[in-house]
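Values reported hereafter were calculated over all heavy atoms of this structure, with side chains retained and with hydrogens, waters and symmetry mates removed.
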Amino acid sequence: DAGVIQSPRHEVTEMGQEVTLRCKPISGHDYLFWYRQTMMRGLELLIYFNNNVPIDDSGMPEDRFSAKMPNASFSTLKIQPSEPRDSAVYFCASTNRGATRGTGELFFGEGSRLTVL
Amino acid sequence: GDSVTQMEGPVTLSEEAFLTINCTYTATGYPSLFWYVQYPGEGLQLLLKATKADDKGSNKGFEATYRKETTSFHLEKGSVQVSDSAVYFCALSEWNTGNQFYFGTGTSLTVIP
């Protein structure tokens, strides 16, 4: 089975540009999470969805960040406008509690490394 | 609220040394506990898990026992290899309380030949 697929793997952009990161969760998974990882702040939860509905977006840093999940197989994380401090690795993860016998362990993608100049 | 605390890194060991990475947790209910590993340039991968008290999770020579009395889930390996160099994250999930996943801050391990 294919794992969580993220694109792009690497993105370099200039400050002020719009950035869109994409995620395809594992088929059948009903939870999707977006995390950000930096050396300074470690792994931070940005937002998570259940059945395509955003449940908790309290980790979204500010209004420049938005996330959508239009269907069960696709999610986007958008930053507009981007700033140098947004440089990080962004991970998408998914799970299905039923498929994991209730434990709900997360399956991570390879990440999208964003550099904002 | 729920939380996970793991030992500060970085940890540097010689090949074949014994490894322990401490992890303690705070939870309101009965969480499942996990160790994830992140190799350089990759995403996090599940290393092992335990779902109830006294369960022992094991994988690739790593072990961790769910200790409810001490709220701990320490990661151990008897003889580390250079290929074990990675960042290790302790985590818990407590879905029954309506919330989700909590990660520790990660512990970087470097194994030198």
Side-chain angles (χ1 to χ4, degrees), chain A residues 2-7 9-10 21 23-26 29-51 53-59 88-113 115, chain B residues 1-10 21 23 25 27 29-53 55-59 64 66 73 86-108:
Chain A
V4 176
I5 299 172
Q6 293 187 245
S7 65
R9 290 296 311 277
H10 301 274
L21 307 178
C23 175
K24 177 179 169 56
I26 294 172
H29 282 192
D30 55 353
Y31 283 84
L32 184 141
F33 297 74
W34 282 101
Y35 285 88
R36 177 172 69 176
Q37 186 178 40
T38 61
M39 290 292 291
M40 291 296 294
R41 299 172 70 91
L43 195 64
E44 302 174 274
L45 174 64
L46 300 178
I47 185 171
Y48 80 94
F49 297 82
N50 179 218
N51 290 322
V53 176
I55 303 300
D56 183 357
D57 65 355
S58 59
V89 181
Y90 291 82
F91 287 104
C92 177
S94 69
T95 192
N96 179 300
R97 290 185 61 201
T100 57
R101 299 182 182 179
T103 57
E105 61 259 34
L106 302 187
F107 296 79
F108 281 80
E110 293 290 302
S112 294
R113 180 174 294 276
T115 302
Chain B
D2 292 11
S3 66
V4 176
T5 302
Q6 61 182 105
M7 65 184 281
E8 297 281 333
I21 301 178
C23 171
Y25 68 90
Y30 302 95
S32 296
L33 302 174
F34 309 87
W35 277 100
Y36 278 78
V37 59
Q38 184 180 27
Y39 299 104
E42 299 184 10
L44 281 72
Q45 306 171 25
L46 180 66
L47 179 61
L48 53 85
K49 67 179 180 181
T51 58
K52 61 184 186 296
D55 267 3
K56 177 184 284 188
S58 60
N59 186 26
Y66 189 141
F73 192 56
V87 179
Y88 293 82
F89 292 88
C90 186
L92 72 82
S93 71
E94 193 163 27
W95 296 91
N96 290 333
T97 61
N99 216 322
Q100 12 76 23
F101 231 81
Y102 299 88
F103 282 93
T105 53
T107 301
S108 175

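- Formation of a donor-acceptor pair under 3.5 Å by the B:Asn59 side chain with backbone atoms of B:Leu47 is found in this model.
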- Task: In sequence, state the C-alpha distance, the side-chain angles, and the governing distance for B:Phe34 and B:Phe89, and then conclude on side-chain contact (heavy atoms from CB on, under 4.5 Å).
- Result: CA-CA 8 Å; B:Phe34 309 87; B:Phe89 292 88; over 6 Å; no
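- A side-chain donor-acceptor contact under 3.5 Å links B:Thr107 to the backbone of B:Met7.
- Looking at heavy atoms from C-beta onward, A:Tyr35 lies in side-chain contact with B:Phe101 at the 4.5 angstrom threshold.
- Of the two parts of A:Leu106, the backbone and the side chain both hold a non-hydrogen atom closer than 4.5 Å to a non-hydrogen atom of chain B.
- Taking the six-membered ring wherever Trp is involved, the centroid distance between the rings of A:Phe33 and A:Tyr48 falls below 6.0 Å.
- For a residue to count as touching a neighbouring chain, one of its non-hydrogen atoms must lie under 4.5 Å from one of that chain's; by this rule A:Gln6 does not touch chain B.
- No part of B:Gln45 comes within reach of chain A, as not one of its non-hydrogen atoms sits under 4.5 angstrom from that chain.
- Residue B:Leu46 touches chain A through its side chain alone, counting heavy-atom pairs closer than 4.5 Å.
- With a threshold of 4.5 angstrom between heavy atoms, A:Arg9 approaches chain B through side-chain atoms but not through N, CA, C or O.
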